[in-house]
Amino acid sequence: MTPGRGTGHGKLLLCGEHAVVHGHPAIAVAVDRSTEVTLTPHAGTTTVTSNHTDHRVLDALLTVLPGEGFDVGVVTDLPVGRGMGSSAALAVALVRARAALDGDQPDADEVYARAMPIERAFHGNPSGVDVAVAASGGCLWFRKGDPPIREPLPPPAWSLVVLDTGTSGDTQELVAAVGARRPDIDPALARIGALVAQAREALADPVALGALLTENHALLREIGVSTPALDALVALALDAGAHGAKLAGAGGGGVVLAVVTDDEPVLAAARSAGVTAFRTRLWRGAA
Ligand code: MEV
């Protein structure tokens with residue numbers, strides 16, 4: 001039998017992380033890094049060969065696969081556990097691989113519905129924004145709900161540079177810690193929500209958008225999810241001429257994104273500081 005293959009893309013949250021878990025909107029972009037899953041039927045226990053380093057991969061796979069009958073191959077070029085949606089990319093890739101094997105062609109809505117239980121095996125109670133953008137591609141306005149609001153936005157013309165702290169935060173723990181600080185931090189969450197609405201209007205203007213994203217970082221620091229290493233990378237990017245910079249994802253480690261029109265000065269500053277950094281392009285989605 002021909003193996004089933006499926007791909008899921010990573011993401012960056014332009015703005016709105018954490019607040020999105022509590023009902024505010026977020027804007028996410030799919031990136032040109034992805035995870036591919038290959039499912040090969042075989043007799044015996046389901047086995048996994050993976051370069052995805054998260055220890056929850058097998059448990060997550062077994063939420064949709066039987067304990068017997070498959071060889072599963074997972075290959076990713078996403079940094080795992082860094083806020084770039086590696087678990088959502090895996091979930092979407094697995095759903096698509098399974099569908100390919102069954103001769104089924106689910107649309108993005110159906111992929112979202114099937115991938116969410118896998119994402120929950122990683123993160124407990126995710127908002128769904130990572131899975132939504134991994135399934136659709138492009139730039140997405142998202143608001144949690146049943147069903148969630150998912151509106152495609154015009155793809156931005158500026159670039160994003162990603163700077164990696166080299167450490168990981170635990171999304172489930174960070175989301176729980178933020179939840180435990182409510183209602184004290186509700187005003188900060190509401191300010192993030194308002195800022196996301198402003199960012200939507202400023203999407204085509206990297207200077208105005210950048211300022212909003214830097215403000216979003218300050219609010220994420222206020223709710224307790226930034227770290228000195230993330231703050232230092234934001235400062236490094238801004239000093240090197242980025243229009244704006246913020247942590248991206250749950251925080252506690254992971255990556256910073258910087259909005260730039262010329263990526264080289266930020267990449268050069270990162271290189272001389274010994275920081276891993278790379279330019280990221282938008283993945284527009286399947287045609
Ligand atoms: C993780 O990429 C973003 C968070 O808002 C969690 C979620 O939305 O599920 C921190």
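For ligands, and for the atoms within them, numbers begin at 1 and follow the listed sequence.
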Colleague: Can you tell me the protein heavy atom closest to atom 1 (C) of ligand 1 and the distance?
Modeller: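 It is D130 OD2, 3.9 Å.
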Colleague: Show which atoms of ligand 1 fall inside a sub-4.0 Å distance from at least one heavy-atom site of A250.
Modeller: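 Every atom of ligand 1 under 4.0 Å from some heavy atom of A250: 10 (C).
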Colleague: Honestly curious: do V80 and L174 fall in one hydrophobic cluster under the side-chain, below-4.5 Å linking rule?
Modeller: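 No.
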Colleague: So P148 and R143, do their side chains get closer than 4.5 Å, heavy atoms only?
Modeller: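 No, side chains not in contact.
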Colleague: Answer yes or no: is there a side-chain heavy-atom contact under 4.5 Å between R82 and V162?
Modeller: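 R82 vs V162: side chains apart.
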Colleague: Against heavy atoms of E17, which atoms of ligand 1 measure under 4.0 Å?
Modeller: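 Those atoms are 5 (O).
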Colleague: What atoms in ligand 1 come closer than 4.0 Å to a heavy atom of V129?
Modeller: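 The list of qualifying atoms is 8 (O).
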Colleague: Under 4.0 Å from a heavy atom of P126: give me the atoms of ligand 1 that qualify, with their elements.
Modeller: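 The atoms of ligand 1 under 4.0 Å from a heavy atom of P126 are 9 (O).
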Colleague: Counting only nitrogen or oxygen atoms and a 3.5 angstrom limit, does K11 reach ligand 1?
Modeller: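 Between K11 and ligand 1 (N or O atoms, distance only) the closest approach is under 3.5 Å.
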Colleague: Hey, what's the ring geometry for W283 with H9, parallel, tilted or perpendicular (30° and 60° as the breaks)?
Modeller: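 W283 and H9: parallel rings.
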Colleague: Quick one: look at L13 and ligand 1, take heavy-atom pairs under 4.0 Å, and tell me if it's side chain, backbone, both or neither.
Modeller: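 The answer is the side chain of L13.
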Colleague: Taking it one step at a time, do S136 and R150 satisfy side chain to side chain donor-acceptor pair (under 3.5 Å)?
Modeller: CA-CA 9 Å; S136 69; R150 289 166 290 161; over 6 Å; no
Colleague: Indicate yes or no: does an N/O atom of H18 lie under 3.5 Å from an N/O atom of ligand 1?
Modeller: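 Among all N and O atoms of H18, at least one is under 3.5 Å from an N or O of ligand 1.
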Colleague: Decide whether V37 and V131 are clustered together by the hydrophobic rule: side chain heavy atoms of Ile, Leu, Val, Met, Phe, Trp, Tyr closer than 4.5 Å, transitively.
Modeller: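 As far as the 4.5 Å side-chain criterion goes, V131 and V37 are connected within one cluster.
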Colleague: Atom 9 (O) of ligand 1: which protein heavy atom is closest, and how many Å away?
Modeller: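 Checked against all protein heavy atoms, atom 9 (O) of ligand 1 sits closest to S127 N, 2.8 Å.
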Colleague: With heavy atoms of V20 as the reference, note each atom of ligand 1 found under 4.0 Å away.
Modeller: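 In order of number, 5 (O), 8 (O).
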Colleague: Counting C-beta onward and ignoring hydrogens, is there a side-chain heavy-atom pair between L230 and P228 closer than 4.5 Å?
Modeller: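 Counting from C-beta outward, L230 and P228 never come under 4.5 Å.
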